[in-house]
Amino acid sequence: MKTSNYRVAPLRTEIAEAARRTAQADAADHAIVIADSPNGYPCRHCLRWAQPGERLVLFPFASIAPGRPYSESGPIFVHAEPCERYRLTNQFPGEFRQGRAIRAYDSKQNMIAGEVVNGNEPEAVIEKLLQNPETAFIQVRSASRGCYTMGIERV
Ligand SMILES: [Zn+2]
């Protein structure tokens with residue numbers, strides 16, 4: 001299903017590259033892990049599940065910047081080797097249609113709504129949240145662990 005009024009916002013390449021460099025410098029908050037299952041290690045840059053044996057960097061990402069009531073930093077993975085940033089930004093990534101929670105934020109970065117995609121089409125949930133004119137942007141997360149998966153921006 002193509003989208004027209006929003007686009008998927010994968011993690012920026014500069015952030016993925018900085019995480020890889022920081023991990024190579026043995027920073028305590030940047031761990032190298034090896035995927036040991038086919039759907040436990042989502043890369044936020046290419047928006048694919050890492051396959052068993054692939055190496056990833058696990059590090060904290062501030063999905064809402066510090067200094068606000070809803071400021072939030074949490075653990076995310078990116079492939080440890082360079083990967084191609086997700087390009088089909090007018091399509092919800094197929095590998096993350098299940099098990100997601102979708103949150104809406106206003107222009108002050110306050111969370112104003114949240115829904116778990118529970119057998120629904122994620123596009124339908126996103127469209128509904130965007131119908132509220134106060135929704136400035138959306139974040140998609142793991143419903144079970146809460147980790148940030150991707151952003152959704154209005155076009
Ligand atoms: Zn990747």
Side-chain angles (χ1 to χ4, degrees), residues 1-66 70-105 109 111 114-127 129-130 136-155:
M1 191 188 296
K2 299 235 179 199
T3 69
S4 55
N5 58 341
Y6 63 90
R7 67 173 163 243
V8 173
L11 192 73
R12 298 209 324 270
T13 299
E14 308 88 85
I15 295 175
E17 288 177 344
R20 291 167 184 145
R21 283 195 304 273
T22 306
Q24 282 184 345
D26 285 333
D29 62 351
H30 283 56
I32 297 285
V33 300
I34 298 175
D36 59 5
S37 71
N39 53 12
Y41 301 85
C43 175
R44 273 54 163 215
H45 186 245
C46 60
L47 292 179
R48 302 186 67 90
W49 294 107
Q51 291 309 293
E54 287 187 313
R55 296 166 68 244
L56 302 109
V57 180
L58 175 62
F59 67 104
F61 172 67
S63 56
I64 300 292
Y70 283 92
S71 298
E72 192 165 356
S73 177
I76 63 171
F77 295 109
V78 293
H79 277 114
E81 316 304 331
C83 59
E84 185 182 10
R85 191 175 189 233
Y86 183 75
R87 281 202 295 186
L88 299 173
T89 56
N90 64 349
Q91 290 180 46
F92 194 91
E95 300 199 13
F96 301 111
R97 300 188 66 80
Q98 305 297 324
R100 298 299 117 184
I102 300 183
R103 298 180 184 172
Y105 293 82
Q109 302 183 52
M111 194 192 308
E115 269 192 46
V116 174
V117 176
N118 220 345
N120 298 322
E121 298 291 313
E123 292 90 344
V125 177
I126 291 168
E127 294 281 1
L129 293 172
L130 288 176
F137 64 95
I138 284 172
Q139 292 188 350
V140 179
R141 292 172 173 268
S142 160
S144 56
R145 299 208 184 192
C147 308
Y148 176 87
T149 309
M150 72 194 96
I152 301 286
E153 297 172 346
R154 281 190 189 273
V155 173

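Both ligands and their constituent atoms are indexed starting at 1 by order of listing.
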Check ion pair Arg85-Glu14 (N to O, under 4.0 angstrom):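 Not counted as a salt bridge, because no side-chain N and carboxylate O are separated by less than 4.0 Å.
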Sequence neighbours left out, what passes side chain to side chain contact (heavy atoms under 4.5 Å, CB included) with Ser71? Give chain and number order.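 Side chain to side chain contact (heavy atoms under 4.5 Å, CB included) check on Ser71 returns Arg68.
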Tyr105 vs Phe137 aromatic rings, parallel, tilted or perpendicular, using cut-offs 30° and 60°?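 Tyr105 and Phe137: parallel rings.
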Quick one: which residue pairs count as a side-chain hydrogen bond (donor to acceptor under 3.5 Å, both in side chains) with a foot in residues 51-61, not counting sequence neighbours?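 Residue pairs with at least one partner in residues 51-61: Glu54-His79, Arg55-Glu81.
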Ignoring hydrogens, what is the shortest heavy-atom contact between Val33 and Phe77? Give both atom names and the distance.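 In this case the closest contact between Val33 and Phe77 is CG2-CE2, 3.6 Å.
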Could you name each residue pair satisfying ring-ring contact (aromatic ring centres under 6.0 Å, His included) that touches residues 17-38, not counting sequence neighbours?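 Non-adjacent pairs meeting ring-ring contact (aromatic ring centres under 6.0 Å, His included): His30-Phe59.
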Which atoms of the protein, restricted to N, O or S, are nearer than 2.8 Å to the Zn ion (ligand 1)?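 Metal shell, protein only: Cys43 SG, Cys46 SG, His79 ND1, Cys83 SG.
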